[in-house]
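Here the structure comes first, spelled out in structure tokens, and everything after it is commentary.
Every chain is numbered from 1 and lettered A, B, ... according to where its sequence line falls, protein lines coming before strand lines.
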There are 2 protein chains.
Amino acid sequence: MAYGYKIGSLPLTTVQRLPSYLRVVREMRRLGREVVSSARLGELLGLEAVQVRKDFGFIGITGMPKMGYQVEELVLAIEHCLNWNQVRDAVLVGVGHLGMALLGYEGFRAHGLDICAAFDIDPSLAGLVVNGTPVWHMDQLESELRRLDARMAILTVSPDAAQDVALRLARAGIEGIWNFTGCPLDLPPDVIVQDQDIAIGLAVLSAKLSSRT
Amino acid sequence: MAYGYKIGSLPLTTVQRLPSYLRVVREMRRLGREVVSSARLGELLGLEAVQVRKDFGFIGITGMPKMGYQVEELVLAIEHCLNWNQVRDAVLVGVGHLGMALLGYEGFRAHGLDICAAFDIDPSLAGLVVNGTPVWHMDQLESELRRLDARMAILTVSPDAAQDVALRLARAGIEGIWNFTGCPLDLPPDVIVQDQDIAIGLAVLSAKLSSRT
DNA sequence: GACTGTGAATCTATTCACAGCG
DNA sequence: CGCTGTGAATAGATTCACAGTC
């Protein structure tokens with residue numbers, strides 16, 4: 001199985017660290033700082049300096065001996081890797097508690113994401129506008145998707161609806177599904193599924209707590 | 001750095017897979033199924049059968065050749081590893097969109113978690129009861145924590161408050177912090193911090209999407 | 001001297017190959 | 001057979017050691 005170690009030419013683990021690098025270097029840019037060393041970044045993020053340098057090497061960034069890396073260059077390179085420099089449209093399906101929370105989250109724009117439409121099976125939600133995003137009934141899913149040009153969907157429906165809805169999204173041409181349902185999805189291999197299972201984090205924390213007793 | 005490979009005697013990666021095993025075997029128990037093979041579990045979860053067997057070996061479960069593993073035994077063993085068989089109290093700090101969503105999430109009880117109190121800086125939220133959980137003002141944090149016996153805190157405050165609030169929690173005796181703020185926390189090493197950064201999942205999905213073009 | 005950059009070594013996780021058992 | 005269990009091999013990630021550069 002697996003086969004998920006490399007994303008393009010980047011190691012998965014490097015990609016997973018990019019958001020935290022980006023947060024820090026964006027903050028540094030805001031403060032007017034122009035260069036930063038791998039040691040300083042490592043200290044702020046709890047990483048070895050050499051790991052920071054390796055990661056930057058992978059994304060094609062080269063620093064200056066004695067000085068460090070240029071903050072602006074880092075921001076642009078990381079944004080480019082993640083495609084977070086341009087805003088992409090996404091739809092959200094399942095406007096329950098979690099879906100509502102994600103609709104209210106202001107941070108997505110900084111990550112290049114604009115939720116342009118939401119869908120729910122509950123007819124009483126249709127017509128609502130949540131934080132600027134219109135909510136439609138599930139019946140409108142295919143027709144709205146034809147109108148919009150969203151490549152990505154955020155899936156926050158209940159577990160028992162997950163597979164069916166995911167299949168509808170795939171058939172409607174959605175290329176990537178960010179899956180918050182906790183269920184594994186079985187879809188054609190050209191659809192990229194990213195599972196976001198909150199239970200994993202809780203499991204790790206629980207296990208650490210119970211092993212320390 | 002790092003040093004985070006083993007949790008007690010279990011590999012981190014094994015612990016990360018435990019929640020998905022648990023979900024499936026609980027469902028099988030509900031359906032009255034008594035045994036299951038590693039091959040079947042692997043198929044359902046997208047894992048190699050041998051990996052399933054290795055994981056079960058780590059948590060001390062032994063199967064029967066030709067038959068497979070006992071579903072009931074698996075449920076109990078995994079719940080035990082994660083301490084999800086008993087309910088533990090937790091507090092939630094930061095009742096914004098995300099905090100509200102987590103308070104509304106019914107699934108925590110199945111994961112052994114009961115959010116017994118929530119806190120927010122906004123005085124207009126104090127006195128509210130959200131899905132059975134009372135909300136207090138931040139001023140009450142220390143005094144309420146003295147009254148309750150929560151070992152774990154869910155941190156959903158804004159990034160700029162994260163470090164300060166985390167420190168207050170640590171000083172009040174909280175042993176584990178589930179950190180949704182996206183900021184790294186700098187705390188005494190006896191406090192266990194589990195970062196739950198939603199941006200990581202989005203980064204991986206974004207990178208996969210942009211590498212497929 | 002103070003950094004970066006990188007091959008080599010180490011450590012971890014996954015996968016293979018096959019022995020053992022009912 | 002049809003399964004589990006496990007040592008050996010492979011692949012991947014991190015860390016070490018040190019050469020190179022301003």
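Summarising the geometry of A:Arg88 relative to B:Ser206, their closest heavy-atom pair is NH1-OG, 3.8 Å, with the distance given to 0.1 Å. A:Gly94 and A:Asp120 get closest at one heavy-atom pair: C-OD2, 3.5 Å.
A donor-acceptor pair under 3.5 Å is absent between the side-chain atoms of B:Ser38 and the main chain of B:Arg53, judged by distance alone.
Atom CG of B:Asp55 is separated from atom P of C:dT15 by 11 Å (rounded to the nearest Å). In this structure, B:Ile7 places its CD1 atom 14 Å from C1' of C:dT12, rounding to the nearest Å. The CZ atom of A:Phe56 sits 15 Å away from the P atom of C:dC3 (whole-angstrom rounding). One interatomic measurement links the two molecules: CE of B:Met67 to C1' of C:dG22, which rounds to 10 Å at whole-angstrom precision. Atoms CG (A:Leu47) and C1' (D:dA13) sit 13 Å apart, rounded to a whole Å. When the C1' atom of C:dC3 is taken as reference, atom CE of A:Met64 falls 10 Å away, rounded to whole Å. Atom NZ in A:Lys66 sits roughly 19 Å away from atom P in D:dG20 (whole-Å rounding). Summarising the geometry, the separation between CG on B:Leu12 and C1' on C:dC11 is reported as 14 Å, rounded to the nearest angstrom.
Salt bridge annotation for B:Glu79-B:Arg26: present, with a cationic side-chain nitrogen under 4.0 angstrom from a carboxylate oxygen.
Residues of residues 17-33 of chain B having a heavy atom closer than 4.0 Å to DNA chain C, listed by number: B:Arg17.
Side-chain atoms of A:Lys54 stay outside donor-acceptor range of the base of D:dG12, with no qualifying N/O pair under 3.5 Å.
Contacts of A:Ser38 with the nucleic acid, taken as non-hydrogen atoms under 4.0 Å apart, involve only primed sugar atoms and P, OP1 or OP2. Within 4.0 Å (heavy atoms only), B:Tyr69 reaches sugar-phosphate atoms of the nucleic acid but no base atom. Note on B:Gly63: only backbone sugar-phosphate atoms sit closer than 4.0 angstrom, heavy atoms only; bases stay farther off. Here A:Gly68 lies in heavy-atom contact (under 4.0 Å) with sugar-phosphate atoms only.
The aromatic rings of A:His111 and A:Trp84 sit tilted relative to each other, their planes meeting at an angle between 30° and 60°. Note: A:Tyr69 and A:Phe56 have perpendicular aromatic rings, judged against thresholds of 30 and 60 degrees for the angle between ring planes.
One side chain, B:Thr181 or B:Asn179, offers a donor N or O that lies under 3.5 Å from an acceptor on the other.
Counting only heavy atoms from C-beta on, B:Pro65 has its side chain closest to D:dT4 among C:dG1, D:dT4, D:dT15.
Within a 6.0 Å sphere centred on NE2 of A:His97, other residues, nucleotides and ligands contribute 12 heavy atoms or fewer.
Residue order along DNA chain C, read from the 5' end via each residue's closest nucleotide, puts B:Phe58 first among B:Arg53 and B:Phe58. Each of A:Val50 and A:Pro11 lies near DNA chain D, and the nucleotide nearest A:Pro11 is the one positioned closer to the 5' end.
Distances shown here put every side-chain N or O of B:Ser37 at or beyond 4.0 Å from the OP1 or OP2 atom of D:dG2. The phosphate of C:dG5 has OP1 or OP2 within less than 4.0 Å of a side-chain N or O from A:Thr62.
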